[in-house]
Colleague: 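I am attaching a structure below and will ask some questions about it afterwards.
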There are 2 protein chains.
Amino acid sequence: MAKAGSAKAQRMERLQAELAQGRALHISAVAKLLDVSEMTVRRDIQQNPDKLGYLGGYVVPRGMFEPENSYTLDMAADQQRDAKRRACEAALRYVKAEETIFIDCGTTLIELVDLIPNDMPLTVVCYALNVAERLAHKPNVTLVMLGGVYYPASATFFGPEALATIASLGINVALLSAAGFDWARGATCAHFHEAEIKRKVMATASRNILVIDTSKVGRLRSVLFAESSSFDAVVTERSEDETSQRST
Amino acid sequence: MAKAGSAKAQRMERLQAELAQGRALHISAVAKLLDVSEMTVRRDIQQNPDKLGYLGGYVVPRGMFEPENSYTLDMAADQQRDAKRRACEAALRYVKAEETIFIDCGTTLIELVDLIPNDMPLTVVCYALNVAERLAHKPNVTLVMLGGVYYPASATFFGPEALATIASLGINVALLSAAGFDWARGATCAHFHEAEIKRKVMATASRNILVIDTSKVGRLRSVLFAESSSFDAVVTERSEDETSQRST
DNA sequence: ATCATAATGTTATAATTCTCACAAAAGTTC
DNA sequence: GAACTTTTGTGAGAATTATAACATTATGAT
């Protein structure tokens, strides 16, 4: 499909260039621009869902939005997300105003940012780009970002300075995520550099809270970063009132 | 209009938070979310065109992309932005593939990110959140971010680690911006911490290029960070082919 | 309380977009 | 070049979205 120089491939390139600056073009404008029918534009988009997005009549560049969500969906459709949010609500109860907290990367803890009340002063440390974006607009939050080289897979930064910075911070609560968790084996994640950050943070923080939705329980990923016993609490969407304290 | 705590104002806040990371929500989803009719959502959007955008049935955060008024595509809207872009085009000629470059903060150099060809491998160092966001999606760019505390005024991070990191990097080209520039006095910016980063970068980089639109010339801001002579070139939107080399 | 005004909801109608099936054109293979 | 596959175009009906007018409900002031 779509060989390197084919008409279709050329259209895609042209179109991507046109949308590069984050402009949205109406499908009729695109059709005129590329001198093809609207139907063809529609098909092009359907066939390259990773490059282009389609939003109620308009062609939009991908990458401007989160790859999974948006576009054709109402948010009600996303059950998993709701679980994550409820887990975050529970996690937020471990945080007090004026404290310094760490927020891990991943799709779970992103939800937490919006749940932080606007009148709650906090210092928040993070190392994920999408988390930082959201935090940046919070009025009473002092945002501290760990720098380094960007890892697209998890939207995080990592480098030796990051580790050094963590050591120099006084973190009250660390809210950690995991791609897999098992009471016997512990918490695992997919990337080695993530694990390094997590371990370093957990070594400094006064309280370590693991925040996961229950779909993660029983799963195992490549890098183990903490045993179950090293968490002060494990919070899930089921932790409505009583939180599952560690059974030690 | 919409007093601080009014129902309308509250809706707007909630909605903006929901859209914060660049999600697009269908109008029906928004209506359910805010528990109002779709008509009200439509009116809310119409009344706050600077905060929210509306794109063929979907509510989108403004700033993510500028929807052109349906059907007609004139992009002749923003002249200043066009000037900045042309300056960036000129600046880009100082950059070669495989090099390590620094991109300063500000509205000018943001334009440069989109102008980087997708097939041009680069390592890019930055310290502005919005610059990082855009760079994150570039396929052949290795992104290095300087961490620290977030300064909303310029969307930048700053801290001692940032300065230390700069010193440890090998930067070929530094693309610098300024809020004010004058051949006699030099380049100035509005924030002290910005100036510190700029100075440190300029001390390390092999080539220092100042990228400004001509509206900045003759203006003066609070912090001087470099004399005119310390730049290897000053690039503006008028630098179409011949670049105004420093006149020393 | 009463009036005036702003905000919201509802409905009907107009306009637009979506989808599908099929036709036409272009490109491949033998 | 004939048969086949892929790509593109067209049009009609279904579905969705936009708009305006009017009804209803809140909100504020006197």
Side-chain angles (χ1 to χ4, degrees), chain A residues 1-19 23-62 64-65 69-78, chain B residues 1-16 18-19 23-62 64-74:
Chain A
M1 53 167 78
K3 292 174 190 172
S6 72
K8 190 183 286 188
Q10 283 187 321
R11 280 203 308 268
M12 292 303 294
E13 251 180 78
R14 176 86 198 277
L15 192 45
Q16 279 186 265
E18 206 67 35
L19 296 170
R23 289 193 314 162
L25 290 175
H26 193 269
I27 188 165
S28 63
V30 175
K32 263 182 256 172
L33 182 73
L34 303 176
D35 198 34
V36 291
S37 71
E38 297 190 9
M39 194 66 229
T40 302
V41 176
R42 284 208 167 82
R43 282 193 273 242
D44 278 359
I45 295 164
Q46 270 194 326
Q47 286 162 29
N48 297 64
D50 47 318
K51 295 180 183 170
L52 297 176
Y54 194 50
L55 209 57
Y58 289 77
V59 186
V60 299
R62 259 296 156 97
M64 283 282 156
F65 293 85
N69 308 5
S70 349
Y71 306 131
T72 326
L73 103 131
D74 331 65
M75 50 168 302
D78 204 343
Chain B
M1 286 272 131
K3 292 174 188 172
S6 73
K8 191 182 284 190
Q10 283 188 320
R11 282 202 304 270
M12 292 303 293
E13 249 180 77
R14 176 84 200 278
L15 193 45
Q16 284 191 85
E18 205 68 34
L19 297 171
R23 259 208 311 270
L25 288 176
H26 192 271
I27 187 166
S28 63
V30 175
K32 262 182 259 172
L33 181 74
L34 302 177
D35 197 34
V36 291
S37 71
E38 298 190 10
M39 195 64 228
T40 302
V41 177
R42 282 208 168 83
R43 282 193 273 241
D44 278 359
I45 295 164
Q46 271 193 328
Q47 285 162 29
N48 297 62
D50 46 319
K51 294 180 184 172
L52 298 176
Y54 193 52
L55 212 53
Y58 289 77
V59 185
V60 299
R62 252 306 152 83
M64 268 295 151
F65 46 74
E66 339 229 339
E68 13 203 323
N69 252 352
S70 330
Y71 316 127
T72 4
L73 59 151
D74 346 82

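These numbers were taken from a predicted model, which means no experiment stands behind them. Chain letters run A, B, ... following the sequence lines, proteins first, then strands; residues in each count from 1.
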Colleague: Five pairs per end, C1' atoms only: what is the angle between the end axes of the helix from C/dA1-D/dT30 to C/dC30-D/dG1, to 10 degrees?
Modeller: 40°

Colleague: Measuring from atom CZ of B/Arg43 to atom CE of B/Met39, what distance do you get when rounded to the nearest 0.5 angstrom?
Modeller: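 That separation rounds to 4.5 Å.
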
Colleague: Please report the shortest heavy-atom distance between A/Ala31 and A/Ser37, naming the atom on each side.
Modeller: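 Heavy-atom minimum between the residues: CB-C, 4.1 Å.
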
Colleague: When you measure from the side-chain N and O atoms of B/Ser37 to the phosphate of C/dG9, is any distance below 4.0 Å, counting only OP1 and OP2?
Modeller: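 For B/Ser37, the contact criterion (side-chain N or O under 4.0 Å from OP1 or OP2 of C/dG9) is met.
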
Colleague: For a quick test of reading the model, state the closest non-hydrogen atom pair linking A/His26 to A/Gly57 and the distance between them.
Modeller: CD2-O, 3.6 Å

Colleague: One character per nucleotide, please: for nucleotides 17-24 of chain D, 5' to 3', B when the base has a protein heavy atom closer than 4.0 Å, S when only the sugar-phosphate does, - otherwise.
Modeller: SBBB----

Colleague: Starting at CD1 of B/Ile27, measure out to CG of B/Leu55 and round the result to the nearest 0.5 Å.
Modeller: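 Reported value, rounded in 0.5 Å steps: 12.5 Å.
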
